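Notes to accompany the following structure.
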There are 2 protein chains.
Amino acid sequence: MKRNLSETCYGFFSTLANPARLAIMEKLRKEPMNATTIKENLGQEQSMVSHNLRLLERCALVYSEKKGREKVYRLNIETMETIFKAVENHANKFCPKKGKCSHSK
Amino acid sequence: MKRNLSETCYGFFSTLANPARLAIMEKLRKEPMNATTIKENLGQEQSMVSHNLRLLERCALVYSEKKGREKVYRLNIETMETIFKAVENHANKFCPKKGKCSHSK
DNA sequence: ATAATATATGAAAATATATTCATATATAAA
DNA sequence: TTTATATATGAATATATTTTCATATATTAT
């Protein structure tokens, strides 16, 4: 399958490059959860959660299943475990101090 | 080593979530290269290349070695091959059409 | 020394993204 | 069938990031 890697990566990484969405992903890594529970657990605005879940789902980083009036989200474990582990390994091996690789100007 | 995964991921992904930087990474994936060659190959502004290489290096996604007045950059292959392959696999498996996972509003 | 080349830096301007607010829709409970 | 709950949507505002420009520094060649 012929794809442009840079473009694919841009979609992928920019979907993940957001603290609120990453917090959601970390929650979902533990267990599936509906949108309201996510909102309550993380103290995020309802509509922000909804916007962000849509982006995550579009990129197939999470799946959802409708359960009555709720919508239960779960992580795409196959992709995300690989990615989380790769980032963890990278950080442990190459980023000596908290904050080094992060967002100090 | 105790780290906050979300924060680590945020630094990592936001460093990668940029088309100009990804283009650099794709070039460096082929072979090491100095900043001027990158600039010429990609037609990017000199100072933008410099700013972006600094971000990539801070996050240890690339390394550099000074060679006279040039600076030769090379990919952190260990990390980046894993990541690129994971994204490629994800896209092939989960993102049926060009543009689906990408940036259509 | 002087000029040329490679890279770096900081700040301003341009652009993109996130967040909130008001409101809509859909489903279930009373 | 009215009310409550869960989620979605669009547009306005707030915030963050990127890009460019002017200029600085460092190294090599003349």
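Just so we're on the same page: letters track the sequence lines, and every chain starts at 1. It should be emphasised that the depicted structure is a prediction, and the values quoted were computed from it without experimental measurement.
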Would you say [X] reaches [N]'s phosphate, i.e. side-chain N/O to OP1/OP2 under 4.0 Å?
| X | N | value |
| --- | --- | --- |
| R54(A) | dT7(D) | no |
| K71(B) | dA8(C) | yes |
| Y10(B) | dT17(D) | yes |
| N18(A) | dT17(C) | no |

Could you state the atom-to-atom distance from [atom1] of [X] to [atom2] of [N] in whole Å?
| X | N | atom1 | atom2 | value |
| --- | --- | --- | --- | --- |
| Q44(B) | dC21(D) | CD | P | 15 Å |
| E45(A) | dT7(D) | CD | P | 15 Å |
| N52(B) | dA8(C) | CG | C1' | 13 Å |
| L53(A) | dT19(C) | CG | P | 13 Å |
| K39(A) | dT5(D) | NZ | P | 11 Å |
| R58(A) | dT9(D) | CZ | C1' | 12 Å |
| L22(A) | dA18(C) | CG | C1' | 14 Å |
| M48(A) | dA22(C) | CE | P | 18 Å |

Exactly one of T37(B), N34(B), T36(B) clears side-chain hydrogen bond (donor to acceptor under 3.5 Å, both in side chains) with E70(B), and that residue is N34(B)
Selected nucleotide, minimal atom distance to A20(B) side chain, candidates dT19(D), dT7(D), dA8(C): dT19(D)
Go through dT19(D), dC21(C), dT7(C) for me and flag the one nearest to the S47(A) side chain. dC21(C)
Determine whether R29(B) and E81(B) satisfy the following criterion, salt bridge (Lys or Arg N to Asp or Glu O under 4.0 Å), listing intermediate values before the conclusion. CA-CA 9 Å; R29(B) 196 185 186 190; E81(B) 280 306 314; 2.8 Å; yes
With a centroid cutoff of 5.5 Å and a plane-angle limit of 30°, would you call H51(B) stacked on dT9(C)? yes
Sorted by number, the residues of residues 63-70 of chain B with heavy-atom contact under 4.0 Å to DNA chain C: R69(B), E70(B)
Do the rings of F13(A) and F13(B) sit parallel, tilted or perpendicular, given the 30° and 60° boundaries? parallel
Any side-chain heavy atom of I38(B) sitting closer than 4.5 Å to one from L28(B)? yes
Given DNA chain C, 5'-ward residue of the pair A17(A) and N34(B), judged by closest heavy atom: N34(B)
Salt bridge between E78(B) and K93(A), side-chain N to carboxylate O under 4.0 Å? yes
Any chance CD of E65(B) has more than 12 other-residue heavy atoms, nucleotides or ligands included, within less than 6.0 Å? no
What verdict does the side-chain hydrogen bond (donor to acceptor under 3.5 Å, both in side chains) test give for Y63(B) and N76(B), after you've listed the backbone C-alpha separation in whole Å, the side-chain angles of each residue and the deciding distance to 0.1 Å? CA-CA 7 Å; Y63(B) 305 116; N76(B) 177 340; 3.3 Å; yes
Under the 3.5 Å rule, do the base of dA6(C) and the side chain of Q46(B) count as making a donor-acceptor pair? no
